[in-house]
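We number each residue from 1, following the sequence as shown.
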Amino acid sequence: MERTPASPESIERLINNSKRSIRDYEQLLCKVEKAKIVLGNFPDDNKSDLDILHLTLEILSGGVAGLHECTIALCRLLQTDSLYEKRYQMQNINLDQFEWCKYLLGRDNNGVFAQYCKLFSKCNDIATVAYLNDIRNKIRRLGAKCNSNLRNITAHYDKPSKIYDELIQLNDEDEYVYRLGDQMEIWNKMMAFINSFLDMLNNHIPFDKHYESPESISDLNIQSLVNEKISEEFAQRKELQIAINAQLETAWKKIESINQDHYKYEKVIDLFRQRKINFRPLQNILSLLEFGWAVSFMRSDLACAINSYLNSSTIIDGSVCLRRIYMIETAALTHLYGYNDEHRKKSIWHKIKVLAEFASVSESQQIEQQLAEFTDTLDCDRRNMYTHYQENGFSNISKRWKDFQEMNHAKELYRLLKLLNLCNDIYSYISSLLSAMNKTQEKKSAETKERYINMVSKIKSIGIKTNNQEIIDTSEKLLNIINKF
């Protein structure tokens, strides 16, 4: 059955509701994280008795964190008209829902909610066990809807052609709206159970003054104020928003154009290979094309990240958007250049370095130095924290929340500017390298042409010496053809 498109008024209501939900989730997450600090201050002899409460708080914090980040992506998905940005936000929802389901259930049934179900499976209340199993099955179904290939590409990047093949399938934004609806249904069912459980425990937990959460040194959060001023300043720069919109409007067309060129070169190379014709020059151009294609994905993703930041509704919302800059940087540069010697041999840059013209282009060393400087400062732990809700059985939720609160937006935006400048430098470098390759090819063609002219001229001179007009006429025709070529 064909779906009826949502009216502009309905979309606007959904955007406003999403913004309210983002603020509500942040308030709830703040309270849960404070409660976890309180629980952490309990004496050691009490902690074993409070394991189930600790698990409950981990479910609450992880549950709301996942919804918070998915709702941010949904809000931006609804706000943009750019096809590329819509696909970027669908990737984010897919990644966050994948990690959310993994956090709750785990790969080996060791997720926080799976542990919760194990604890209650021993109780005699059949209705409770059935209720929790129903939630677990709903999480499984949502996890099954997540595209693991898309998730891996979003988190790690891959060959540009593989990225393209995954993104081209992202045409149904309604699917992701409905998936978020499924996620909210799961969350509401979990909250209904957890609330009743917490009400039951409320009278049995000694929350006296001794266990109150330590307040911060000052209610005045300097970093938050600085971030707020930065956000206000960027909001006033309308020319920046106009420039970003212009780039995102044409981003997918540029990706599509490179894909068509890549496809044509691959077909010609296959044809040359079958006919045993030297295809090395074309293969070199294909490597450069792949390099530029990867940079185009990186640059467009960075534009999406800054646009998300410009449209953020809270400071934490802005931090969540800016975290993507580091994820993009780490994944893209690892694929472009590699973070160690082993990965560098598999990188696109390694293909560029073997080109005969590499050493003759002055920018080669400059670009390599820039790539090396960026990759030398990459922090895999930070990247993993931004990607995974849980690692090796330990939750990242509290670390992520702390990072989002303390993030220096100016520092992240400055790094974004450096990355965009790197992309521009690489585009310029590719042009220089293509020009050098063209000159090499022209030189080879000129040498070949001269060699043929000399050979035919010798044949003509023989014709003149032997007074063979046929040889002379044929030689002159050949010389005319060669000169035209």
Side-chain angles (χ1 to χ4, degrees), residues 19 22-23 25-26 29-30 33 65 68-69 72-73 75-76 79-80 85 88-89 92 216-248 295 298-333 369-387 396 398-426:
K19 289 180 178 179
I22 289 167
R23 288 190 288 271
Y25 292 144
E26 288 174 10
L29 192 51
C30 184
E33 288 301 320
H68 175 248
E69 292 171 28
I72 288 172
C75 190
R76 302 301 118 77
Q79 287 174 311
T80 185
E85 190 173 11
Y88 169 88
Q89 298 300 351
N92 286 342
S216 56
I217 296 174
S218 169
D219 292 331
L220 186 66
N221 189 321
I222 301 299
Q223 187 59 63
S224 180
L225 285 176
V226 171
N227 289 342
E228 189 173 345
K229 289 298 179 184
I230 291 170
S231 179
E232 290 172 0
E233 180 67 23
F234 270 83
Q236 292 173 10
R237 294 179 178 271
K238 300 301 180 186
E239 67 277 7
L240 176 61
Q241 184 67 73
I242 291 170
I244 296 282
N245 289 344
Q247 182 181 331
L248 290 176
V295 174
M298 177 181 172
R299 191 169 186 266
S300 297
D301 283 354
L302 290 172
C304 290
I306 184 60
N307 199 44
S308 294
Y309 172 77
L310 292 175
N311 288 282
S312 59
S313 54
T314 70
I315 297 302
I316 301 295
D317 180 348
S319 294
V320 171
C321 297
L322 291 177
R323 113 205 193 257
R324 283 286 297 152
I325 293 172
Y326 200 76
M327 294 171 66
I328 294 164
E329 174 188 359
T330 308
L333 292 182
Q369 184 178 351
Q370 286 181 264
L371 289 169
E373 287 173 357
F374 270 103
T375 52
D376 282 347
T377 59
L378 293 180
D379 184 345
C380 290
D381 290 337
R382 185 185 179 197
R383 176 259 169 205
N384 290 341
M385 178 187 69
Y386 284 159
T387 305
N396 278 334
S398 294
K399 288 194 292 185
R400 287 161 71 104
W401 174 249
K402 187 172 184 289
D403 184 273
F404 294 153
Q405 286 183 307
E406 298 177 354
M407 184 183 290
N408 185 330
H409 288 189
K411 182 180 178 181
E412 301 306 318
L413 290 166
Y414 176 69
R415 192 160 185 91
L416 169 73
L417 179 62
K418 287 180 65 179
L419 284 166
L420 290 174
N421 286 336
L422 173 65
C423 291
N424 292 335
D425 289 345
I426 289 175

Inset, instruction - Verify the distance criterion only: is there a donor paired with an acceptor across the side chains of Arg400 and Ser319 at less than 3.5 Å? - result: no
Legend entry - Presence of salt bridge, Glu69 and Arg323, under 4.0 angstrom: yes
Inset, instruction - Give a yes or no on whether a salt bridge exists between Arg76 and Asp317, defined as a side-chain N under 4.0 angstrom from a carboxylate O. - result: yes
Legend entry - Expected output: side-chain Thr375 to main-chain Ala372 donor-acceptor under 3.5 Å: yes
Inset, instruction - Please work out which of the three classes, parallel, tilted or perpendicular, describes the rings of Tyr386 and Tyr326, given edges at 30° and 60°. - result: perpendicular
Legend entry - Leu417, Val295, Leu333 screened by side-chain contact (heavy atoms from CB on, under 4.5 Å) with Leu422, the one that passes: Leu333
Inset, instruction - Name all residues meeting the ring pair (Phe, Tyr, Trp, His ring centres under 6.0 Å) criterion together with His409; count only those two or more places apart in sequence or in a different chain, and write none if there are none. - result: Tyr309
Inset, instruction - First locate atom CD of Glu85, then atom CD of Gln79, and finally report the distance between them rounded to the nearest 0.5 Å. - result: 8.5 Å
Inset, instruction - Examine the side chains of Gln241 and Asn245 and answer whether a donor and an acceptor come within less than 3.5 Å of each other. - result: yes
Legend entry - Exercise: do Gln405 and Ser224 side chains pair donor with acceptor under 3.5 Å: no
Inset, instruction - Check for a donor-acceptor pair, side chain of Asn396 on one end and backbone N or O of Lys399 on the other, with a separation under 3.5 Å. - result: no
Inset, instruction - Indicate whether the side chain of Thr314 and that of Glu26 have a donor and an acceptor atom separated by less than 3.5 Å. - result: yes
